[in-house]
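Below is one structure, written out as structure tokens, with a few remarks after it.
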Amino acid sequence: MQQLGYTRSSCQRDHLLLTPDTFVRAPLPGMEKATAIVHVSPAVGAGFTQYTVEFEAGGSMSASMHERFVYVLEGEVTLASRTLGPDQYAYLPVGFSALISAAGPSRAAVIEKSYRPLAGTAPPSLLIGNEREVPGAPLAGDAGLEVRTLLPADAAFDFAVNTMIYQPGAALSMVEIHVMEHGLLMLAGGGIYRLGDRWYPVTAGDFIWMAPYCPQWFGALGKTPAKYLIYKDWNRRPL
Ligand code: UGY
Ligand code: MN
């Protein structure tokens, strides 16, 4: 409870920082005993939607007309007869019609977007993975900054989702400015995020959206590693 109207959250033209004290929960159509915190959507100019779904025991959400990526944060989520625990994830193609359900209280990050087909390439099929089994690769040779690429290097996928782990003191080696946009969920630790011309302290639980060309840089602070889940549009020509 903040009595004086203070928050770290900030809503700017080319970025959003949303901290848990400002999260507002509302069910989306097709949700039963479940609710969503919609972090970003086309309402601010994003080309995708990202939300956290919170299931009560026995909760469920119905299929989407869009492609989806689901990453389990807490508890267990069942889809297509598979039960996924924390750090397990699924890519659900357009047309995937099964319910997503949870036997007990659970939370998952969900990304949805309209699939952009690629001429001559069949769309991806259902994919299930475990982040803990994906090998990490150092970013630009920096052993203190590990990237795990959760979707295959296959042009059929029109987006990428990665995790990035920064050892304390590790930082991006440059201020990135690029055509792709990002949805980012801080999973652990914290540090300083530069977004546009502002520098923000960020910590586990925060959500960030970066519009195309938003200047961005992160440095990890504290005594434990910082980790985030990051979405970007990928594998498609801008035009
Ligand atoms: O993939 C990326 O563009 C990533 N390095 N960006 C970021 O962490 N802000
Ligand atoms: Mn980036």
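One is the number of the first residue; the rest follow in order along the sequence. Order of appearance sets the numbers: ligands from 1, and atoms from 1 within every ligand.
Take Phe157 and apply the ring-ring contact (aromatic ring centres under 6.0 Å, His included) test, not counting sequence neighbours, and it matches Tyr91.
Classification of the Phe69-Phe159 ring pair by plane angle, with boundaries at 30° and 60°, yields perpendicular.
Applying the salt bridge (Lys or Arg N to Asp or Glu O under 4.0 Å) test to every pair with at least one member in residues 24-48, sequence neighbours left out, gives these pairs: Arg25-Glu54.
At a 3.5 angstrom cut-off on N or O pairs, Gln216 counts as close to ligand 1.
The Mn ion (ligand 2) has Glu176 OE1, His178 NE2, His182 NE2, Gln216 OE1 as its protein N, O or S neighbours under 2.8 Å.
Contacts with ligand 1 closer than 4.0 Å are made by side-chain heavy atoms of Ile230 only, the backbone lying farther away. Here Tyr193 has side-chain heavy atoms under 4.0 Å from ligand 1, and that is the only part of it that gets that close.
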Expected list for residues 169-191: side-chain donor-acceptor pairs under 3.5 angstrom, two or more places apart:
from   : atom 1 : to     : atom 2 : distance (Å)
Glu176 : OE1    : His178 : NE2    : 3.1
His178 : ND1    : Met180 : O      : 3.0
His178 : NE2    : His182 : NE2    : 3.2
His178 : NE2    : Gln216 : OE1    : 3.3
Glu181 : OE1    : Gly47  : N      : 3.4
Glu181 : OE1    : Trp209 : NE1    : 2.9
Glu181 : OE2    : Gly47  : N      : 2.7
His182 : ND1    : Tyr231 : O      : 3.0
His182 : NE2    : Gln216 : OE1    : 3.0

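Considering every non-hydrogen atom in both Val38 and Tyr51, the closest pair reads CA-CB, 3.7 Å.
Between Asp158 and Lys113 there is a salt bridge, since a side-chain N of the basic residue sits under 4.0 Å from a carboxylate O of the acidic one.
Grouping the Ile, Leu, Val, Met, Phe, Trp and Tyr side chains by contacts below 4.5 angstrom, directly or via other members, places Val202 apart from Leu229.
Atom 8 (O) of ligand 1 has as its closest protein heavy atom Tyr228 OH, 2.6 Å. Nearest protein neighbour of atom 1 (O) of ligand 1, counting heavy atoms only, is Lys232 NZ, 2.7 Å. Looking only at protein heavy atoms, the nearest one to atom 5 (N) of ligand 1 is Glu176 OE2, 2.7 Å.
Exactly one residue among Tyr200, Tyr228, Trp199 makes a side-chain hydrogen bond (donor to acceptor under 3.5 Å, both in side chains) with Tyr193. That residue is Tyr228.
By the 6.0 Å contact criterion, CH2 on Trp217 is enclosed, its count of non-hydrogen atoms from other residues, nucleotides or ligands being greater than 12.
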